[in-house]
J.: 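One structure, as structure tokens, below. Some questions next.
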Amino acid sequence: MITISTHSFLRSQDNTATSQEHIVYQDMDQPLSHYFINSSHNTYLEGHQLNGRSSCEAYIRALLQGCRCVEIDCWDGGLPIGGERIIVYHGYTLTSKLAFSDVVKTVEEYSFHTSAFPVIISIENHCNLVNQRQMAAVFNGLGTLLCKENLVEQENREHMPSPNELKRKIVLKGSFNDIGEDYSTSQIPGPVTSAQDSSVVTSSQARSQTNGAEEFDGERRVYNEDESDKIE
């Protein structure tokens, strides 16, 4: 049986395989896709995948430990959390739920405490078009921190930008749905702004999901009925 003191040593900085001085000695001018990235899956969960607790503190912990890619699972949630129509939780399970805007604010605040290199938000999106517009409005609130370029589908760029080029930037990665709206745009909480009428343009690698969720095959592009509605 491992004692508490042994367990503490194994998790301590004295037993780490990497330098704790955060000195980057690699070439950071290669395309972003050429690097292994310290990533987190289901970042919001503190414990069990089926009935565990979700918390913003889990994002803080991951980012302060050097994670550069965090995941947000977004679902249509009615009005369960202070009027928030977008919730974050492990879908089709009994895990607790978070307000999407609280998660984004947490990532904004803690992204660059340990490193200036970019943070990637991996979005697992299950929301309708109305809530996707609301997501875009929240992401627009990141201001200059948000990378608004499409890093995958640029005609004038042969490679993705390097980590040095993307310093202090938050990059969005994910698939966005073009499913029908469940309710009118007049029901979006708060004043409607041009940002709320925009969508994120991005793409992701082919992936599929189980237990009744939609399947996404190949890279997809976000759009509204009006192609001018993009993050600007």
J.: Between atom CG of Leu45 and atom OG1 of Thr93, what is the distance when rounded to the nearest 0.5 Å?
T.: 7.0 Å
J.: What is the distance from atom NE2 of His159 to atom CG of Leu151, rounded to the nearest 0.5 Å?
T.: 14.0 Å
J.: How far does OH of Tyr110 sit from SG of Cys67, to the nearest 0.5 angstrom?
T.: 16.0 Å
J.: Any chance you could measure Glu165, atom CD, to Cys147, atom SG, to the nearest 0.5 Å?
T.: 10.5 Å
J.: Kindly work out whether a path of hydrophobic side-chain contacts (I/L/V/M/F/W/Y, heavy atoms less than 4.5 Å apart) joins Ile170 to Leu64.
T.: yes
J.: side-chain hydrogen bond (donor to acceptor under 3.5 Å, both in side chains), that's the test. Do Thr43 and Glu71 meet it? Break it down for me.
T.: CA-CA 6 Å; Thr43 311; Glu71 183 179 34; 5.6 Å; no
J.: Quick check on side-chain contact (heavy atoms from CB on, under 4.5 Å): which of Val130, Ile72, Asn131 does Ile86 satisfy it with?
T.: Asn131
J.: Linking I/L/V/M/F/W/Y whenever their side-chain heavy atoms sit closer than 4.5 Å, directly or via other members, would Leu166 and Ile37 fall into one cluster?
T.: yes
J.: Among Lys173, Gln132, Met135, which residue satisfies the side-chain contact (heavy atoms from CB on, under 4.5 Å) criterion with Ile123?
T.: Met135
J.: Please round to the nearest 0.5 Å and tell me the distance separating atom CG of Asn42 and atom CD of Glu124.
T.: 7.0 Å
J.: Looking at Gln26, I want to see if its CD is surrounded by more than 12 non-hydrogen atoms of other residues, nucleotides or ligands under 6.0 Å.
T.: yes
J.: With sequence neighbours excluded, give me every ring pair (Phe, Tyr, Trp, His ring centres under 6.0 Å) pair touching residues 26-46.
T.: none
J.: With a 6.0 Å cut-off on ring centres, are Tyr89 and Phe100 close enough?
T.: no
